[in-house]
There are 4 protein chains.
Amino acid sequence: MSKTKELNLKEQIIDAARRVLLSEGYRNFSLRKIAGEIDVSATSIYLHFENKDDLVHTLMEQAIERLNNQLQQVVSEADSPIAKLEALAYEYVRFALKYQREYQIIHLTSSDEMTRYPKEKFRKARKGYEIVSNVLQEGADGGLIAEEKPRMAAYTFWAQLHGVMSVVLSKRLDTRINRQEFIDEAIEHIIDGYKIRTALQTNNK
Amino acid sequence: MSKTKELNLKEQIIDAARRVLLSEGYRNFSLRKIAGEIDVSATSIYLHFENKDDLVHTLMEQAIERLNNQLQQVVSEADSPIAKLEALAYEYVRFALKYQREYQIIHLTSSDEMTRYPKEKFRKARKGYEIVSNVLQEGADGGLIAEEKPRMAAYTFWAQLHGVMSVVLSKRLDTRINRQEFIDEAIEHIIDGYKIRTALQTNNK
Amino acid sequence: MSKTKELNLKEQIIDAARRVLLSEGYRNFSLRKIAGEIDVSATSIYLHFENKDDLVHTLMEQAIERLNNQLQQVVSEADSPIAKLEALAYEYVRFALKYQREYQIIHLTSSDEMTRYPKEKFRKARKGYEIVSNVLQEGADGGLIAEEKPRMAAYTFWAQLHGVMSVVLSKRLDTRINRQEFIDEAIEHIIDGYKIRTALQTNNK
Amino acid sequence: MSKTKELNLKEQIIDAARRVLLSEGYRNFSLRKIAGEIDVSATSIYLHFENKDDLVHTLMEQAIERLNNQLQQVVSEADSPIAKLEALAYEYVRFALKYQREYQIIHLTSSDEMTRYPKEKFRKARKGYEIVSNVLQEGADGGLIAEEKPRMAAYTFWAQLHGVMSVVLSKRLDTRINRQEFIDEAIEHIIDGYKIRTALQTNNK
DNA sequence: GATGAATGAGACTTCATTCAT
DNA sequence: AATGAATGAAGTCTCATTCAT
C-alpha cells in the first residue's frame, strides 16, 4: 500500500510535469507549477528527483523509450529493409509531430540548457541508432543498401531526419512550402541516399 | 569621439553578451552578468534592448548575418554547382564548429525558449535558404542537379545539414565514430541526393 | 518672444504637473509623466526646477496663494468678525474639497515626504494665519471674541479646521455620518470656542 | 525554540521596519533597507507581507492598536467624563509626540500615498472613535456634555485633535508660539466646545 | 516522506538625478 | 536651452534550491 503511494507521487509528478510542459512550454516549466498541479509542496519533488534537470531527464528518457518502442514495432511489421527504413522515418516524423514538446525536450540535451545529462542515460537513447543500424546492416547483407559502415550511416540517417523535423517544428519553413510535401520529399531524399544506386533505380520513382 | 562613445555601449553590451554566452552558456546567460562584464548597470541594458530576448535576438541576427556572408563568399568562389554545394556544406560545418554557442543560439528560435522572435527578422534568416536555392537552380539549369523545386530542396539540404551538426554538437555521436569522418560521410550523402543519378555516377565514389 | 517662450515652458510644466497630480495622485506623480504630458524631455524640467521637490513646492506655493486670496476676499466681504470667521472656515472647506489633491499636497510638507521645504516659503504659507489672526484681533477689540493671544488662536483655529478636512478627505468618516452635517457641526464647534463665554460657563471646567 | 524562530522573522521585519522608519523617515523607507537591517534577503519580506504597502499597513495597525490601548487605559483611570476627555486628549498628544513617525504613518492612509488600505483594517482604526464616543455619551447622560450625536462629536473631537498635532508635528507652528502652550490652549478650546453651554451663549450665533 | 521557511539570483520596471553635448 | 545616455535605487515577481523540522 505504501509502495503504491510512493510510486504514485513520483508518477504523479511526472504526469504533472508532462502536462505543464505541454501547456506552458519549457520556458515556463517550473517545479512550483508542477507541484501546484498535484497539490504538493515544491519541495516534495526533491524527494523523488535530484533536481529540476533530473526530472526533465526522466521525461526525456520516457519519451525516448516510447519512441524507441514505436520504432521497434514498425520495423518488425515491415518486410523489406527499404520498407523498414521508410517506416522508421515516418514513425519518427509522426512522433515528433504528435509529441512536439517532448520531442523538443529530447533535443534539449544538446544545448547547454541541459548539460548534465547523465552518461548512463545516453545508452538508452542510443537504442534508436541501433534499430536503424540493424536495418541498414540487414539491407547491406541483402544487397539492397550500400553501406559498409552501418553504425555511422545510422547516425547520418538519424541526423538528417532530426534536421528535417527540427526545421518543421521550428516553423522556419517557408510558408509557400507545404509541410507534408516537404517531409515526404526529404524522407525520399534521405532514403534514396542509402539505396544501391543503379541506372535502373534513378527513374523508378 | 562622441559618436564613437554613443554607439559604444550597445556594441559593448553585445560583445559582452557574446562573451558571457561563450564562457557560460545560454543556461547561465544573465543580464546582470553581462552588465557586470562591462561595469555597467543592468538597467542600462534596457536602454538599448527591450529585454533579454531582444538582446539574444540581436546576437542571433548577427550570427546569421555572418554565416550568410560566409556562405555567399564561398559560393562565389566555387565554380560548378556541385562544388558550390560542397563549399556551402563545409562552410556551414566550419561555422557551426567554430561558433558553437552562436550556432546553437541561432537554433534556439525553434524551441519555445525563444518564442517571441519577431517575424521581420525571419526574412534575414531566410537568406541562407536563398543562397542554397540559387545554387540548386543553377545546377538544375545546367542539368547537373535534379530539382524541380529548388526552394524546397534548399530547405531539405539545410535541414539535413543542421541535423548533422546538431548531432555533432550535442555530443551524442557514438564515441566509436570519428567526427570528421561522420561529417564527410553525411555531406556526401546529402549532396549525392541532389545529383543527377546515372549508372556512371553510382560507382564513382 | 524668447522670454515668453521661457516662461511658457515653466508654466507648461507646472500645468502639466498639476494635471498629472490630479489624475494620478501624488503616488504616481513622476517627472517623466509630466515631461511626457508636454512632450519635453524629463531633463528639461531641471532647467526650471532644482528637483522634484522644488516643483512640488511650487505647486504648493501656488495652491497656498490661491487659498489665501480666496480667504482674503471672503473676509473682506463679510461684516462681523463672527461672520468673517464663518466665511473663512467655509471657504477653507470649499477649497479643500474642490482642490483635494492640491490641498493634500500643501499638507505633505509635514510628513517627511517633503522635508526640504525651504524656509522662505513658509512665510507665504503663514499669511493664512495672519488673516485669521487679524479677524480674531478685530473680534477681540470689538468684545465679541475672547482672545488675548490672537496669533495662537489663529493657529488653533486653523489646526482644527485642517483636522476636520483631513478626516473628511481621508474618507475615514463613518459612513453613517453625513459629510456636510459633520462639517457644519465641526465648524460650529470650532467657532463657538472663540466666542465670549459667560461667567457661568468659564468656571465649570 | 522552533516556534519562536518561526514567528521571529515576521516580527523582526516589523521591528526593522519600524527602526528604518524612525531613523530614515517614510521617504527613505525601503524594503531593501529593512532587509539589510536584519541581514535577510529582500525576497524574504515577501514571504510575510504581500508588498510594501502591506508591511506599512501592519505598522499602522499596530500603532493604532497601541494608541487605542493607551486611550482605553487612561479613560478607565479617569473619573468624570470631562476628566476622561482631557485624559484622552493628553494621551493622544503624548502618543503623537512620542511616536511621531508612527503617528504620521497612521495618517498616511489619507493621502493617496497609501490608497490600498484594506477595508477590514478600518474597523480597528475606528475603535478610537468609539472610545471617545462612549465618553461623550456618558457625559451626555450625566448632563455634563451637550451632545445629541455622540458619534459625530467623537469624530469632530478626534479631527480637531489631529489637526492640532498635525500642525505641531509639521513644524509649521510659528516660532514665537510655545508648543506646549499651544497644545494646552487648543485642547482647552476643543473640550470647552463639548461642555454644556448656557442659554446666553448658545443663541449669540 | 513531506513541508514551510528562507535564500539568492534574476528579470523587469519605474524613477530621480547627473552629465556631457 | 534642451536633450539623450547613463546610473543606481527600488519594488515586484518568479524561480531552484537548501534546511530544519
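Below, chains carry the letters A, B, ... as their sequence lines are ordered, and counting in each starts from 1.
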query = From E:dT7, E:dG1, E:dC12, pick the nucleotide closest to the side chain of B:N51?
reply =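 Comparing E:dT7, E:dG1, E:dC12 against the side chain of B:N51, the answer is E:dC12.
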Rounding to a whole Å, what distance do you find between [X]:[atom1] and [N]:[atom2]?
| X | N | atom1 | atom2 | result |
| --- | --- | --- | --- | --- |
| C:L55 | E:dT17 | CG | C1' | 14 Å |
| D:D54 | F:dC13 | CG | C1' | 15 Å |
| D:E11 | E:dA5 | CD | P | 14 Å |
| A:I34 | F:dT17 | CD1 | C1' | 14 Å |
| C:R27 | E:dC15 | CZ | P | 12 Å |
| A:I13 | E:dA2 | CD1 | C1' | 11 Å |
| A:L9 | E:dT3 | CG | C1' | 12 Å |
| B:Q12 | F:dA5 | CD | P | 15 Å |

query = Which part of the nucleic acid, if any, lies within contact of C:S30, taking any heavy atom under 4.0 Å across all strands shown: a base, the sugar-phosphate backbone alone, or nothing?
reply =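 Sugar-phosphate, backbone atoms only, no base.
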query = In the strands shown, is E:dA20 matched to any nucleotide by a Watson-Crick or G-U wobble pair with both distances under 3.5 Å, and which?
reply =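 E:dA20 is paired with F:dT3.
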message = Only pairs with both distances under 3.5 Å count, Watson-Crick or wobble alike; so what is the partner of E:dC12 in this structure?
response =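 Pairing partner: F:dG11.
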According to a strict under-4.0 Å criterion, is [X] in side-chain N/O contact with OP1 or OP2 of [N]?
| X | N | result |
| --- | --- | --- |
| C:H48 | F:dA1 | no |
| C:K33 | E:dC15 | yes |
| C:Y46 | E:dT18 | no |
| A:S41 | E:dT3 | yes |

query = Just checking, A:K52 and A:Y26: is the charged tip under 6.0 Å from the six-membered ring centre and within 45° of the axis?
reply =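 Relative to the ring axis of A:Y26, which defines the angle, A:K52 lies inside both limits.
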request  = May I ask you to decide if the ring planes of A:H107 and A:Y103 are parallel, tilted or perpendicular, using 30° and 60° as cut-offs?
outcome  =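 Rings of A:H107 and A:Y103: tilted, 30 to 60°.
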5' precedence on DNA chain E between A:L47 and C:A42 (nearest-nucleotide basis) =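 Nearer the 5' end of the strand: A:L47.
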request  = Establish whether the base of E:dG4 is bridged to the side chain of A:T43 by a donor-acceptor pair shorter than 3.5 Å.
outcome  =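 When only heavy-atom distances are counted, A:T43 does reach the base of E:dG4 through a donor-acceptor pair under 3.5 Å.
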request  = Answer yes or no: side-chain N or O of D:R32 and base N or O of F:dA9 forming a donor-acceptor pair under 3.5 Å.
outcome  =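 Absent.
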query = Do B:D15 and B:K10 sit within salt-bridge range, that is, some charged N less than 4.0 Å from a carboxylate O?
reply =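 The answer is no: the pair does not qualify as a salt bridge.
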message = Regarding C:E102 and C:R66, does a basic nitrogen lie under 4.0 Å from an acidic carboxylate oxygen?
response =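 Looking at C:E102 and C:R66, the cut-off is met.
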task = Could you check if a side-chain atom of C:L31 sits within less than 4.5 angstrom of a side-chain atom of C:N51, using non-hydrogen atoms only?
result =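 Not touching, per the 4.5 Å side-chain cut-off.
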query = Is A:Y99 close to A:L67 at the side-chain level, that is, under 4.5 Å between some pair of heavy atoms?
reply =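 A side-chain contact under 4.5 Å is absent here.
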message = On DNA chain F, compare the nucleotides closest to C:D39 and D:L31; which residue's is nearer the 5' end?
response =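 It is C:D39 whose nearest nucleotide is closer to the 5' end.
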query = Of D:F29 and A:E50, whose closest DNA chain F nucleotide lies nearer the 5' terminus?
reply =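 The answer here is D:F29.
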